[in-house]
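Worksheet: the structure to be examined is printed underneath.
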There are 2 protein chains.
Amino acid sequence: MDRIEDCYGFLLGKAYQKVWQMEKAALSQYGITPVQFVLLHVLWEKDGQKGVELGSRLRLDGATITGVLDRLEKMGLIERRPDLNDRRTNLIFLTPKGSELEKPLNQVTDAVNKEVISMFSEEEAKMFKSMLTKLGLGQKGHS
Amino acid sequence: MDRIEDCYGFLLGKAYQKVWQMEKAALSQYGITPVQFVLLHVLWEKDGQKGVELGSRLRLDGATITGVLDRLEKMGLIERRPDLNDRRTNLIFLTPKGSELEKPLNQVTDAVNKEVISMFSEEEAKMFKSMLTKLGLGQKGHS
DNA sequence: CACATATTATTTGTATGCAAATAATATGTG
DNA sequence: CACATATTATTTGCATACAAATAATATGTG
């Protein structure tokens with residue numbers, strides 16, 4: 001490999017960085033980061049999940065989940081409640097304040113997604129998503 | 001956006017994470033991280049660059065460059081020398097130890113790239129690189 | 001030349017991310 | 001039931017990454 005711009009790790013990193021910056025800018029008015037958004041998103045889908053479930057879904061290390069939850073809890077968007085069936089575990093619940101963010105945050109991130117998609121043709125976008133899914137999420141369904 | 005798996009930021013992050021882990025594992029025998037590798041790569045192309053040039057090429061913040069250079073310098077792979085034409089600046093030079101890593105590190109990262117490419121057809125790989133470049137590196141040439 | 005502005009590198013603070021170690025609790029095997 | 005093993009969350013340490021502030025030096029304008 002002669003040029004670093006031919007390295008997939010580098011290219012993916014820079015593409016990710018760009019989209020991450022777009023999302024960060026869009027979310028900043030709510031004081032939320034992209035990672036905090038995706039964690040909230042999983043809770044909007046299903047409230048009261050275990051930390052290990054969130055980490056599995058988001059492909060994040062337990063230590064990372066602990067940190068993100070700490071900050072969301074400090075902001076008053078989620079709370080940890082003891083799991084009566086397993087005393088090792090907390091169940092993570094949205095607060096009303098965390099629930100209220102569902103619509104506005106989805107709105108701004110949808111806009112970012114549309115902006116990204118607009119750079120490609122419909123067919124390209126479909127293929128792009130399929131390739132990213134295959135690469136990043138293993139054999140779990142293509143789109 | 002109903003599912004977080006339809007969010008481009010999330011998909012790109014997970015794909016990047018996967019390739020980054022592959023590179024990290026491949027480079028670990030040399031005690032080098034993927035980011036340290038790409039910085040060394042730019043120096044192998046042209047020795048004696050300014051920090052700001054490295055940051056511009058790699059799309060990294062000055063503070064990040066300072067940190068990466070600190071660690072590379074501590075490992076004895078690069079050294080900072082004063083720029084006689086501009087006393088604000090250091091010029092970054094490879095040490096012999098840093099130069100020697102060019103072949104072996106390119107070898108292991110080439111292998112990772114081949115592994116990634118092998119997941120796609122030739123045409124898909126070409127399109128994937130083109131789309132990532134367009135997204136992450138702006139209007140600067142598509143492969 | 002003097003002074004406002006810009007550039008460069010660094011420092012500090014915050015937020016991911018992972019590895020490894022720890023502590024508490026569950027689970028399985030005898 | 002007892003004990004080895006596994007699971008879960010957390011803590012600590014390290015490595016990106018960026019924003020904002022700082023310090024030193026260049027550059028441009030008068």
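Letters A, B, ... mirror the listed sequences (proteins, then strands); counts begin at 1.
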Spacing between [X] atom [atom1] and [N] atom [atom2], to the nearest angstrom:
| X | N | atom1 | atom2 | answer |
| --- | --- | --- | --- | --- |
| A:N90 | D:dT11 | CG | P | 11 Å |
| A:F37 | C:dA15 | CZ | P | 19 Å |
| B:R59 | D:dT16 | CZ | P | 19 Å |
| B:D61 | C:dT7 | CG | C1' | 14 Å |
| A:K50 | C:dA26 | NZ | P | 10 Å |
| A:E73 | D:dT10 | CD | C1' | 13 Å |
| A:K24 | D:dA19 | NZ | C1' | 7 Å |

Would you say a side-chain N or O of [X] is under 4.0 Å from OP1 or OP2 of [N]?
| X | N | result |
| --- | --- | --- |
| B:Q17 | C:dC18 | yes |
| A:Q36 | C:dT16 | yes |
| B:N85 | D:dT25 | no |
| B:T66 | C:dT11 | no |
| B:R88 | C:dT10 | no |

Write down the partner of D:dT29 under the Watson-Crick or G-U wobble criteria, each distance required to be under 3.5 Å. C:dA2

Can you tell me the pairing partner of C:dA20 across any strand shown, Watson-Crick or G-U wobble, with both distances under 3.5 angstrom? D:dT11

Checking only heavy atoms, does the side chain of A:R87 share a donor-acceptor pair with the base of C:dT25 at less than 3.5 Å? no

Begin from the C-alpha positions of A:Y30 and A:F37 and carry the test side chain to side chain contact (heavy atoms under 4.5 Å, CB included) through to its verdict. CA-CA 10 Å; A:Y30 298 97; A:F37 164 73; over 6 Å; no

Touch class at under 4.0 angstrom, heavy-atom based, for A:G51 against every strand present: sugar-phosphate

Would you classify B:T89 as touching base, sugar-phosphate or nothing, given that sugar-phosphate means primed atoms plus P, OP1 and OP2, and contacts are heavy atoms under 4.0 Å? sugar-phosphate

Only one of B:E79, B:R81, B:R80 forms a side-chain contact (heavy atoms from CB on, under 4.5 Å) with B:N90, so which one is it? B:R80

How are the rings of A:F128 and B:F128 set relative to one another: parallel (under 30°), tilted (30 to 60°) or perpendicular (over 60°)? tilted

Residues A:Q17 and A:K14: side-chain donor-acceptor under 3.5 angstrom: yes

